Amino acid sequence: MLTSVSRISLFRMALLAGGGLAASGLAQAQEAVAAPEAQVGADDAAIDDAIVVTGFRQSLQAAINVKKNAVGAVDAIVAEDIAKFPDQNLAESLQRIPGISISRDAGEGRAITVRGLSSQFTRVRVNGLETVATSTDGASANRDRAFDFNVFASELFSSIVVHKTAEASLDEGSLGAVVDLNTGNPLAGKAGFTGVASVVGTYNDLSDYVGPRLAGLLSWRNDSGTFGVSLSAAYQKTKVLELGNNTVRWSQARFDSVNGAPCFTQSATDLTGRQNSGGTYTVGRNAACDKAALAFHPRIPRYGEVKHDRERLGLTGSVQFAPTDATKFSIDGLFSRFNADREEQWGEVLLRSNERSIDVVNPVYDSNNNMISATLNDAWVRTEHYLRKSKTEFYQVGGTWDQDLSDTLRFTMLGGFSKSDADIPVETTMIFDDRDAQGYSFDYTDMKSPKLTFGTSVTDPANFQLAEIRDRPSTVVNKFKTVQFRTEWDVAEGFTVKAGAMWRRFNFDTESYTRDTAVCGNGGLDRVLGTITCSASSVFGPTAVYGIPVTAQLAQMFNLGNAGQPAGNTNAWLVPNLESTTALTKLYDRALVPDAGNIRGVQETTKGGYLQFDGKGELLGLRYALNAGIRYVKTEQSSYGLVSGTQATVERSYDNWLPSANVAFYPTEDLIVRGAVAEVITRPTLGSLTPGGSADGFNFRVNSGNPFLKPFQATNYDLSIEWYFAPQALISVAGFIKDVASFTQSAAITEATFAQTGLPASVLNPSSPAALNPALLNQPIWTLTTTVNGTGAKLKGIELAAQIPFKIFTEGFLGNFGIIANATFIDSDATYTLQGPATTPGGALVNVDRTAALANVSKQAFNGTLYYDDGRFSARVMGTYRGRYHEGASGTGNVLEGYGSMFNLDASMRFKLTDWVELSVEGNNLLDTYRYRYTDIDANRNYENNHYGRNILVGARFKY
């Protein structure tokens with residue numbers, strides 16, 4: 001039975017877990033769970049088990065050791081060696097852990113959800129230092145606390161540890177989990193030089209592109225094990241196509257006419273004239289018009305292509321010096337650069353805000369009040385060409401001093417700095433319009449694969465005008481500074497006191513600007529060249545001038561590939577040529593206009609300390625280990641934003657006392673029963689904390705921040721039973737309850753005119769309908785919203801997990817197989833106050849209360865891996881299922897939007913030619929699964945449906 005073990009000696013013990021780089025990952029993982037062997041009294045047999053396994057089995061045993069030796073609920077993934085994580089992305093590796101699901105961007109994992117709580121509620125530490133890494137998604141940069149795992153190459157990390165229960169000594173800020181990402185540990189390696197290189201080619205079958213994925217590590221340790229240094233690097237370049245369709249939500253609106261019957265009259269005596277604008281709508285006069293107005297129709301039905309061109313470079317370095325067994329100094333550095341270009345080409349009809357001019361013919365409705373098909377005349381046909389260039393640079397430098405003052409007293413000093421800078425210098429959209437097109441038809445009988453057909457030629461430049469130009473450069477900068485001091489005192493055998501203090505400062509700053517403009521306003525000379533006489537906005541038809549005439553030099557042909565479209569769909573159209581249209585309009589020479597809602601920031605300083613008691617022993621013959629303590633933290637926030645064009649700053653502070661306790665009982669050597677209870681917090685979302693707000697001139701909404709939001713607070717309860725019935729084997733059942741006192745939610749304050757808000761019209765996007773038609777500013781159609789602390793919610797769930805090597809049942813060939821499987825079932829409910837459908841044609845949206853699952857919670861999630869490993873050849877087939885879930889409030893009268901269920905299948909094979917050469921073949925997303933997003937949880941209206949293709953990776957690894 002192990003007794004008191006010095007922190008430094010843990011690194012020596014880690015060498016027994018398999019040696020080399022895998023040991024370095026395990027050493028960091030063991031350190032991350034606070035010296036587990038010393039806490040729980042693991043016996044030497046547990047370590048001996050780790051000696052005999054190699055290859056993939058070695059990493060499984062290392063991960064089991066981390067879980068088994070912890071007091072709280074912990075899961076881990078340990079790489080055998082550099083470049084051998086089983087997935088192309090850390091998020092994709094994390095989804096193999098029970099209770100974790102992921103969200104994807106461009107077909108690869110980006111953010112995680114732990115036990116039903118989204119990435120907003122998860123804290124991530126890199127080498128022990130909390131940090132935030134920011135990238136861009138389909139819509140914008142991440143402007144919140146969520147951690148973007150796609151910034152980093154997975155090859156840079158040797159272990160991931162997920163803490164699902166809180167401890168007083170563990171950083172606060174998570175309702176879901178604390179995730180530790182660990183890079184190399186040179187003192188845990190063998191003496192002398194160690195070199196590893198990996199060369200992989202990645203092929204995507206949709207983009208038909210082969211890109212490189214390279215990784216290497218060089219490590220050296222002296223013979224005495226007192227000094228070590230390591231350097232690693234990883235590089236990857238990919239090109240992925242995203243093909244599919246999109247609606248940009250569905251909405252209600254009144255049309256010009258339905259089946260030839262006018263919906264508006266120009267005067268009391270004129271019941272026949274249709275002029276595409278103005279007039280009077282009378283509810284009840286035309287039943288067909290009323291039915292069309294109350295039904296939901298797609299706002300911007302379209303097909304298109306998104307090209308994702310991505311490049312990652314990552315570097316890590318570590319220097320460690322241990323002059324004695326009692327002293328160790330470490331300096332760790334990490335740098336990552338993630339370049340991502342996103343290019344979109346769409347062919348669409350802009351119903352949004354233009355329904356007044358459109359004639360509807362032969363509409364068909366379904367049982368969910370959707371206009372699922374119709375033919376449209378006088379429609380706004382639009383084609384778009386979009387390009388965003390983004391670059392995220394992340395770096396972190398940290399230092400650690402571990403010191404044993406005696407056999408019973410030790411301390412750790414930890415400090416460091418990290419910065420994530422996400423820069424978008426170019427976010428350009430150029431738009432062609434044909435605003436009186438005839439014969440356009442849509443058919444959403446199959447919501448996932450609609451048929452969209454243009455009646456007017458969309459390949460003839462003469463039918464189009466260059467109507468809008470946009471550019472929206474922005475930056476997001478996150479900075480973390482951390483200083484921590486931790487002490488441990490072994491008061492007596494089986495009883496340790498831990499105490500510590502910490503100081504952290506987090507800075508979030510974002511700036512966004514626009515160069516947007518519609519080419520024409522309401523008559524007069526155009527706003528771009530100043531040489532075109534524009535028509536008044538009321539003029540409609542083929543003679544209307546609303547943009548720059550399109551010539552062949554300004555356009556390029558787009559041909560849609562395999563986007564899941566049915567026969568008869570229009571698959572080719574002209575889009576703006578970005579080079580020629582931006583040159584003609586001198587877009588990048590235009591003055592930048594502040595985007596008021598996205599010029600804001602938060603400085604958050606947290607300071608406090610903790611006191612924790614760790615114990616182990618026997619009670620009535622039952623062996624146990626426990627920790628209990630309390631953490632105090634004071635949070636000081638200073639947030640700023642633009643209010644009516646002037647920067648305003650709001651300061652406030654609050655403190656929290658966070659008690660927690662974890663206990664593990666050992667009825668037998670192989671059986672562990674764990675329980676935990678804790679008070680936890682997550683600080684409010686950054687986007688909601690800043691004063692000021694934003695105005696949406698497309699959807700007629702004004703949203704203001706709330707700097708006085710209270711943090712999310714919850715009481716977490718956990719209970720689990722784990723059976724380690726054989727080496728590398730585990731069966732476990734875990735139950736959890738998260739009783740959340742309050743969730744923030746968007747709340748509609750009132751409906752008013754824009755003029756009543758007191759905001760200047762300059763805050764509106766200049767190409768929005770509200771900016772182009774000032775009359776809309778004085779209509780009481782604007783919804784004013786803010787974020788408030790809403791009601792609480794309760795989340796309950798069960799995790800089932802099994803890791804079973806077949807060798808415990810049989811020998812030989814079949815004994816080389818094994819399975820890893822888990823399932824998570826979650827029940828949750830929350831009450832949302834939302835804006836539901838209008839009940840009168842053209843009327844205001846109606847507030848509704850809706851009870852549903854918590855945002856981002858899937859009721860079921862499953863993971864399964866079948867593996868084979870004989871020491872020379874290994875293979876894995878991995879399936880992942882995540883059930884349907886919503887992300888929260890939608891818009892335009894839709895109630896809760898989110899994603900449909902999704903299943904992904906991956907596989908890999910590795911063959912060791914020699915002790916220093918290994919070949920590999922891997923496949924990700926082998927079923928080319930489509931991702932379906934809905935815009936209303938009840939009606940299941942299509943938001944988008946797209947796919948990304950399969951990824952095949954072929955490579956070799958070399959080790960010295």
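In this text the structure is predicted, and so the values were computed from the model without any measurement.
Identified under the salt bridge (charged side-chain N to carboxylate O under 4.0 Å, His left out) test for residues 719-730, with sequence neighbours left out: K67-E722, R674-E722.
When every heavy atom of V132 is checked against every heavy atom of R145, the shortest pair comes out as CG2-O, 3.9 Å. Among all heavy-atom pairs drawn from A889 and L834, the shortest one is CB-CD2, 3.7 Å. N716 approaches L175 most closely through the heavy-atom pair ND2-O, 3.4 Å. Among all heavy-atom pairs drawn from A853 and Y832, the shortest one is O-OH, 2.9 Å.
Not counting sequence neighbours, the partners of W723 by the side chain to side chain contact (heavy atoms under 4.5 Å, CB included) test are D670, L671, F725, I731. A search for side chain to side chain contact (heavy atoms under 4.5 Å, CB included) contacts involving A821 returns nothing, not counting sequence neighbours. In this view, Y632 and K634, D655, W657 satisfy the side chain to side chain contact (heavy atoms under 4.5 Å, CB included) rule, not counting sequence neighbours. Residues meeting the side chain to side chain donor-acceptor pair (under 3.5 Å) test with T715, sequence neighbours left out: E679. Taking Q803 as the reference, nothing meets the side chain to side chain donor-acceptor pair (under 3.5 Å) condition, with sequence neighbours excluded.
The environment of CG in L866 is crowded: more than 12 heavy-atom neighbours from other residues, nucleotides or ligands sit within 6.0 Å.
Neither side chain, Q728 nor Q61, offers a donor N or O lying under 3.5 Å from an acceptor on the other. For the residue pair N182 / S159, a side-chain donor-acceptor distance below 3.5 Å is found, with atom types taken as modelled.
Ion pairing between D171 and R125 holds under the 4.0 Å rule for side-chain N and carboxylate O.
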